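Notes follow the structure.
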Amino acid sequence: MPELPEVETIRSQLAAALPGRRIRAVDLLTESMLLDVTSAEFTAALEGRRIIDVRRRGKFLVFPLNGDLFLTIHLGMTGQVLLEGPTGPSVSPHNRFVFRLDAPASAVAVATGAPGALLVFRDIRKFGRVHLTLSGPAARVARMGPDAWPGDDWDEAGLSAMMRGRRAPLKAVLLDQRHVAGIGNIYADEILFAAGLSPVRAAGSLSAHEIGKLAAEIKLTLAEGVRLRGCSISDYVDAGGEGGGFQRVLRAYGRQGQECLRCGGTMVRTIVAGRGTAFCPSCQR
DNA sequence: CCCAAGTCCTGGTTGC
DNA sequence: TGCAACCAGGACTTGG
């Protein structure tokens, strides 16, 4: 699933190719995934609009456009954003939005050979959402806590305050985007394994030392995810259609029944916060 | 038929 | 006791 490292990989690719380019036309193929405006308003407002920047907030992509408009995209569970050449879009029954762009306008995009006269939002499961709003990103983006990575705007003290007094399982708090934004099910399991903490511990029960370890592993694990360009365990590919590499270094997610890479015990699976959860009961306390 | 999962929503519980 | 904060679980979606 696209979590912070996957969305960040896509963002960096798009940021190298899109700023300065205009949206010539839009094909809206699945209306149910559009929020905040009608289809007619959406296509009319985007036509001729220039993309100013490509930003990320948690798992959201945010495209500021000229005229104080903001396009906000969430990839849900199986969403992909693909930059394709002008002959496309490649045929798929799961294409949901196709943004037809003009030729590259920036010298950088030309120099890097940025392809992409088309920006395709494809999503098998329709969990993804597209917003078009005025004066700022979609309202749901404002509800996000500080970005988990790179983590310049939160620290151990902030994490401690988020956890204090909570009886909810530790993993549920990591997954709650209002506390720290960008962590999903895969990275949550990996972070908790790395920190040696049980996903079912009450969040409020962590010691200061454990909070410190957790804070460090959130940043380290997501940094590794970004470095390896995301985790392609199911549908994820980057904007060029390439898979990431993080699936090769998974130590917890999906490893139930297998040997713990730290203590040699057996990894188990349980449900936490409604999500499948793999962990080592002997070395994650 | 069940499972996968991110977000929103609802309804029940807890604790000040 | 009242009320807000908190927390669990369902809905949505479709391919394996």
Side-chain angles (χ1 to χ4, degrees), chain A residues 1-8 10-11 29-36 56-62 72-81 92-97 121-131 133 137-145 147-149 160-192 198-206 222 225 230-237 244 246-247 250 252-257 267-279:
Chain A
M1 352 311 91
E3 305 181 28
L4 189 152
E6 291 74 30
V7 179
E8 176 59 24
I10 292 168
R11 185 209 63 76
L29 306 168
T30 305
E31 300 194 359
S32 62
M33 293 170 62
L34 179 65
L35 300 180
D36 298 333
R56 180 190 56 73
R57 190 76 178 80
K59 306 173 192 173
F60 289 84
L61 283 170
V62 178
T72 303
I73 298 181
H74 192 288
L75 300 178
M77 187 178 161
T78 54
Q80 304 175 340
V81 173
S92 163
H94 308 302
N95 288 348
R96 308 301 179 184
F97 294 79
F121 180 20
R122 184 176 295 167
D123 187 2
I124 295 174
R125 283 214 189 138
K126 301 189 196 172
F127 268 31
R129 292 290 180 267
V130 172
H131 304 252
T133 51
R140 53 209 303 242
V141 174
R143 293 194 282 269
M144 300 284 111
D147 252 73
W149 175 92
S160 180
M162 296 166 206
M163 306 277 193
R164 190 165 302 136
R166 294 188 182 277
R167 301 177 309 278
L170 181 50
K171 179 170 174 178
V173 174
L174 288 185
L175 290 175
D176 188 336
Q177 306 297 301
R178 293 171 301 181
H179 299 311
V180 173
I183 300 169
N185 203 38
I186 296 174
Y187 291 93
D189 277 7
E190 294 303 308
I191 288 163
L192 290 168
S198 167
V200 300
R201 273 276 292 278
S205 73
L206 269 61
L222 294 173
C231 182
S232 293
I233 203 144
S234 57
D235 303 271
Y236 169 72
V237 291
F246 193 77
Q247 69 281 1
L250 290 174
Y253 181 83
R255 297 199 67 252
Q256 57 272 18
M267 303 286 290
V268 302
R269 178 182 185 277
T270 184
I271 302 287
V272 181
R275 300 290 170 257
T277 299
F279 72 108

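The chains referred to below are lettered A, B, ... by the order of the sequence lines, with proteins before strands, and numbering in each begins at 1. Keep in mind it's a predicted model, so treat the numbers as computed, not measured.
Residue A:Y253 places at least one side-chain N or O under 4.0 Å from the OP1 or OP2 atom of B:dA5. Dashed line: the shortest gap from a side-chain N or O of A:Q177 to OP1 or OP2 of B:dG6 is not under 4.0 Å. A close approach under 4.0 Å does not occur between any side-chain nitrogen or oxygen of A:H74 and OP1 or OP2 of B:dG6.
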Expected string for nucleotides 6-16 of chain C under the B/S/- scheme (protein heavy atoms, under 4.0 Å, primed atoms plus P, OP1, OP2 as sugar-phosphate) is SSS---BBBB-
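Not counting sequence neighbours, the partners of A:H131 by the side-chain hydrogen bond (donor to acceptor under 3.5 Å, both in side chains) test are A:D36, A:R140. Partners of A:Y187 by ring pair (Phe, Tyr, Trp, His ring centres under 6.0 Å), not counting sequence neighbours, listed by chain and number: A:F246. Annotation: side-chain hydrogen bond (donor to acceptor under 3.5 Å, both in side chains) contacts of A:R275 (sequence neighbours excluded): none. Applying the ring pair (Phe, Tyr, Trp, His ring centres under 6.0 Å) test to A:F279 and every residue at least two apart in sequence or in another chain returns nothing. Partners of A:S160 according to the side-chain hydrogen bond (donor to acceptor under 3.5 Å, both in side chains) rule, which considers only residues two or more places apart in sequence or in another chain, are A:R164.
One can place CG of A:D36 at 14 Å from C1' of B:dT7, the figure rounded to the nearest angstrom. Between A:D176 atom CG and B:dA5 atom P there is a gap of 17 Å when expressed in whole angstrom units. Atom OH of A:Y236 is separated from atom P of B:dG6 by 15 Å (rounded to the nearest Å). Put simply, CD1 on A:I233 is 13 Å from C1' on B:dA5, counting in whole angstrom units. We find that CZ of A:R143 is positioned 17 Å from P of B:dG6, with the value rounded to whole Å. For A:L174 and B:dG6, the CG to C1' distance is 15 Å, given to the nearest whole Å. Between A:D123 atom CG and B:dT7 atom P the separation is 13 Å, expressed in whole Å. Protein atom CE of A:M162 is 18 Å distant from nucleotide atom P of C:dA5, rounded to whole Å.
Across all strands, A:G276 comes closer than 4.0 Å only to sugar-phosphate atoms, never to a base (heavy-atom distances).
When the P atom is used for both B:dC1 and C:dA11, the distance is 15 Å, rounded to whole Å.
Between A:K171 and A:T277, the side chains place a donor N or O and an acceptor N or O closer than 3.5 Å (distance only, hydrogens not considered).
The aromatic rings of A:F60 and A:H74 sit perpendicular to each other, their planes meeting at more than 60°, with 30° as the lower class boundary.
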